[in-house]
Amino acid sequence: MKLLRFLALGLTLALTLSACGGTADNAENSAEAASTAESSAASEGGDTETENASVDVSYALDTSEMFTDRDLAGSYDADSAVSITLNGDTVSCDGDGVDISGSTVTITAEGCYLLSGTLTDGMIIVNADSQAKVQLVLNGVTIHSETSAALYVCQADKVFVTLAEGTENNLSSGEEYVAIDENNIDAVIFSKDDLTLNGSGSLTIASPGGHGIVSKDDLVLAGGSYTITAASHGLSANDSIRITGSAVAITAGKDAIQADNSDDASLGYVYIADGTFVLTADGDGVSASAALLIEGGDFTVTAGGGSENGASTAESFEERYDRFQQSGTAASDTAEDTSTSTKGLKATGDLTITGGTFIIDAADDTVHSNADLTVTGGTFQIATGDDGFHADSALTVTNGTIAISTCYEGLEGQTVEVSGGDIQLTATDDGINAAGGNDTSGAYGGWNRMDAFDTDSDASILISGGTLTISAEGDGIDSNGSLTITGGTIYVYGPTNSGNGSLDYGSSAEITGGVFVALGASGMAENFTSATQGAILVSASGAEGSVVQLLDSDGTELLSVTAEKSFSCVQISTPELAQGETYTLAVDGTSTEFTLSSLVYSNSYGMTGTGGMGGRGGRR
């Protein structure tokens, strides 16, 4: 971290239900496989925001049994189903296992129930045996409950809500929820037990006073189309949320999708196999108190109003620096309230993305893990008010196409490893940053960082492959520990201010392969400390649009690059650079000739791996 950066930036019904117990007979449904996730004691309310956890939640999810056959089937036998007809403020039924009281329907036995019609102010309640599996088929229904849930699962083993093919279904609630038993019912669909929604129809949910869908155990979406508008969370579960084959559009006053379990660190996870997601949230797009695993899907996520509401964009670099000098404090009156988490994709545990397409615009980090973050595929278009990809521990990118149009820092972790992919990013601070601790180095937590000069032996950056194009106002690549480049193609444009450098490292910087080109400011420029191929740092100036060429002694062009910003030094390392050979660096036709007397070479005093143009004394 640079001194200037330290100065400038040192600166989330029925009283009969009170016992919530079933008396109906139950026959075990052998076709339903047991859930693989162990249930825990459910905490009521579902509003807890878990940003940091003191327990170890870093573990791999077993996806082999996330969905049972019945989850995925979404089918039913209409001939054997019990028909329930909704008639405004009355209900009629042609079978057993159903109690009707005015506009309240209570299902008390295992079986399949086919619902159709409209309830203007009523409820569907499931209160069966604790081992019962109940299937509710929504066959073109509209249900509104003014003071409670439209669908309330009080007790069952598992409930399936199946959207009949070709049907449109609507469930809604009023602006307040009045208690009908000891449970805190606060969603249009509220389930105390495992809940699966499937089928091929559509479901629209409106919850102006609470959540959209809540399960106190596992929540599964395995088919169907969902449009949810909720004052609080869109989807919420205690143990897990698992989604496949669904189209989900959510507008939420809190998180769009949230799994949170404060009792068991292995629960509260989110698994998404595929689907289409349009998520607009005042809080997080997707939040998991444990792990988050995404294997595919198309995502459009806007969190916290988008990047324009981020703390890093609330003030310019110069404004923050001027105010710090004048007041001695970096507290920003215009920055986002950090008590509300506004991240795109967030996990307290490990966060892994293996594929999918992602368009994310977030006020805070777009992809965030309080443990390890791994990206092995996917296409990302990202805008963020803070970090693009942040991990408190290890951040690993092995493949994928990542375009970050605006961010505070692009890739950040205790360790950062890039072995593949195509990464393009524009950062108002560091492009890639390896720094110890949790999310304290970004725009939201980086003010008054007293360890700005510290070297962290556990921090490291390793680049072994991929193509990286970095445009940075701060350091292009910054490691508080070591930096190692063994492969890949890396272009760094910037910084233009002399308080930062294209490279910044705490202990060492080694290059043994790949192509590295940096056009930046000379004030704090550093070369590599060791190399097995030529690494040059040459004083040369140019403007945006200037053409920089590296020629061998025969005049053969080895490399050509067009500057995206003004610069006062050029740094190049490529396998073609050999010790003892003579080369020419040309900027817009103005040439500088030099002989590579050592593999780590500078043509000016102080321009070495141990000093840099401005020297390193007092920087850390």
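Only this structure's heavy atoms are used, side chains among them; waters, hydrogens and symmetry mates stay out. Everything numeric here is computed off the predicted structure, so don't read it as measured data.
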Under a 3.5 Å distance rule, please check whether [X] uses its side chain to pair with a backbone N or O of [Y] as donor and acceptor.
{"X": "Asp361", "Y": "Ser307", "answer": "yes"}
{"X": "Tyr226", "Y": "Gly223", "answer": "yes"}
{"X": "Gln258", "Y": "Asn238", "answer": "no"}
{"X": "Asp350", "Y": "Asp372", "answer": "yes"}
{"X": "Thr302", "Y": "Gly305", "answer": "no"}
{"X": "Asp121", "Y": "Glu146", "answer": "yes"}
{"X": "Ser173", "Y": "Ser207", "answer": "no"}
{"X": "Ser246", "Y": "Thr244", "answer": "yes"}
{"X": "Ser287", "Y": "Ile257", "answer": "no"}
{"X": "Ser405", "Y": "Ile382", "answer": "yes"}

Could you tell me the separation between the [atom1] atom of [X] and the [atom2] atom of [Y], rounded to the nearest 0.5 Å?
{"X": "Ile143", "Y": "Leu115", "atom1": "CD1", "atom2": "CG", "answer": "6.0 Å"}
{"X": "Ser148", "Y": "Tyr177", "atom1": "OG", "atom2": "OH", "answer": "8.0 Å"}
{"X": "Leu425", "Y": "Glu409", "atom1": "CG", "atom2": "CD", "answer": "10.5 Å"}
{"X": "Leu151", "Y": "Leu136", "atom1": "CG", "atom2": "CG", "answer": "6.0 Å"}
{"X": "Ser240", "Y": "Asp194", "atom1": "OG", "atom2": "CG", "answer": "8.0 Å"}
{"X": "Gln381", "Y": "Gln424", "atom1": "CD", "atom2": "CD", "answer": "11.0 Å"}

With a 4.5 Å heavy-atom cut-off, do [X] and [Y] have their side chains touching?
{"X": "Leu197", "Y": "Leu203", "result": "yes"}
{"X": "Thr415", "Y": "Ser393", "result": "no"}
{"X": "Thr354", "Y": "Ile294", "result": "no"}
{"X": "Ile84", "Y": "Ile107", "result": "yes"}
{"X": "Phe299", "Y": "Ile359", "result": "no"}
{"X": "Leu293", "Y": "Ile272", "result": "no"}
{"X": "Val153", "Y": "Lys192", "result": "no"}
{"X": "Asn261", "Y": "Asp239", "result": "yes"}

Under 3.5 Å side-chain donor-acceptor pair for [X] and [Y]:
{"X": "Ser266", "Y": "Asp264", "result": "yes"}
{"X": "Thr196", "Y": "Asp71", "result": "yes"}
{"X": "Asp181", "Y": "Tyr152", "result": "yes"}
{"X": "Thr106", "Y": "Asn127", "result": "no"}

Minimum heavy-atom separation for [X] to [Y], with atom names?
{"X": "Ala231", "Y": "Pro208", "result": "CB-O, 3.3 Å"}
{"X": "Ala303", "Y": "Gly283", "result": "CB-O, 3.4 Å"}
{"X": "Ala290", "Y": "Leu267", "result": "CB-O, 3.3 Å"}
{"X": "Thr162", "Y": "Gln135", "result": "OG1-NE2, 2.9 Å"}
{"X": "Cys93", "Y": "Val82", "result": "SG-CG1, 3.6 Å"}
{"X": "Ala237", "Y": "Asp217", "result": "CB-O, 3.7 Å"}

Practice task
Would you please classify the geometry between the His368 ring and the His390 ring as parallel, tilted or perpendicular, with 30° and 60° separating the classes?
Solution key: parallel

Practice task
Would you please classify the geometry between the Phe380 ring and the Phe389 ring as parallel, tilted or perpendicular, with 30° and 60° separating the classes?
Solution key: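 Rings of Phe389 and Phe380: perpendicular, as their planes differ by over 60°.
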
Practice task
For side chain to side chain donor-acceptor pair (under 3.5 Å), just list the numbers for Ser236 and His211, CA-CA rounded to whole Å, side-chain angles, deciding distance to a tenth of an Å, and then say yes or no.
Solution key: CA-CA 8 Å; Ser236 180; His211 309 298; 5.6 Å; no

Problem - Identified side chain to side chain contact (heavy atoms under 4.5 Å, CB included) partner of Val141 from the options Asn139, Val137, Leu138 - result: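 Among the candidates, only Leu138 passes.
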
Exercise for the section: Quickly, which of Val214, Asp255, Leu279, Ile213 forms a side chain to side chain contact (heavy atoms under 4.5 Å, CB included) with Leu235? Name it, please. Expected result: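 Single side chain to side chain contact (heavy atoms under 4.5 Å, CB included) partner of Leu235 among Val214, Asp255, Leu279, Ile213: Ile213.
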
Exercise for the section: Can you establish whether the number of heavy atoms outside Asp77 located under 6.0 Å from its atom CG is more than 12? Expected result: yes

[X]/[Y] ion pair, N-O < 4.0 Å:
{"X": "Lys133", "Y": "Asp193", "result": "no"}
{"X": "Lys343", "Y": "Asp284", "result": "no"}
{"X": "Arg242", "Y": "Asp218", "result": "yes"}

Practice task
Give the C-alpha distance, both sets of side-chain angles, the deciding distance and a yes or no for side chain to side chain donor-acceptor pair (under 3.5 Å) between Thr167 and Asn169.
Solution key: CA-CA 6 Å; Thr167 65; Asn169 304 277; 3.1 Å; yes

Exercise for the section: Answer yes if the ring centres of Tyr76 and Phe160 are under 6.0 angstrom apart, and no otherwise. Expected result: no

Practice task
Could you check Thr467 against Asp422 for side chain to side chain donor-acceptor pair (under 3.5 Å), going step by step and ending with a plain yes or no?
Solution key: CA-CA 5 Å; Thr467 300; Asp422 185 352; 5.4 Å; no

Exercise for the section: Kindly indicate, with the supporting measurements, whether the criterion side chain to side chain donor-acceptor pair (under 3.5 Å) is fulfilled by Thr384 and Asp386. Expected result: CA-CA 5 Å; Thr384 169; Asp386 200 357; over 6 Å; no

Handout entry: Residue that, paired with Lys346, satisfies side chain to side chain donor-acceptor pair (under 3.5 Å) out of Ser289, Ser369, Ser341
Key = Ser341

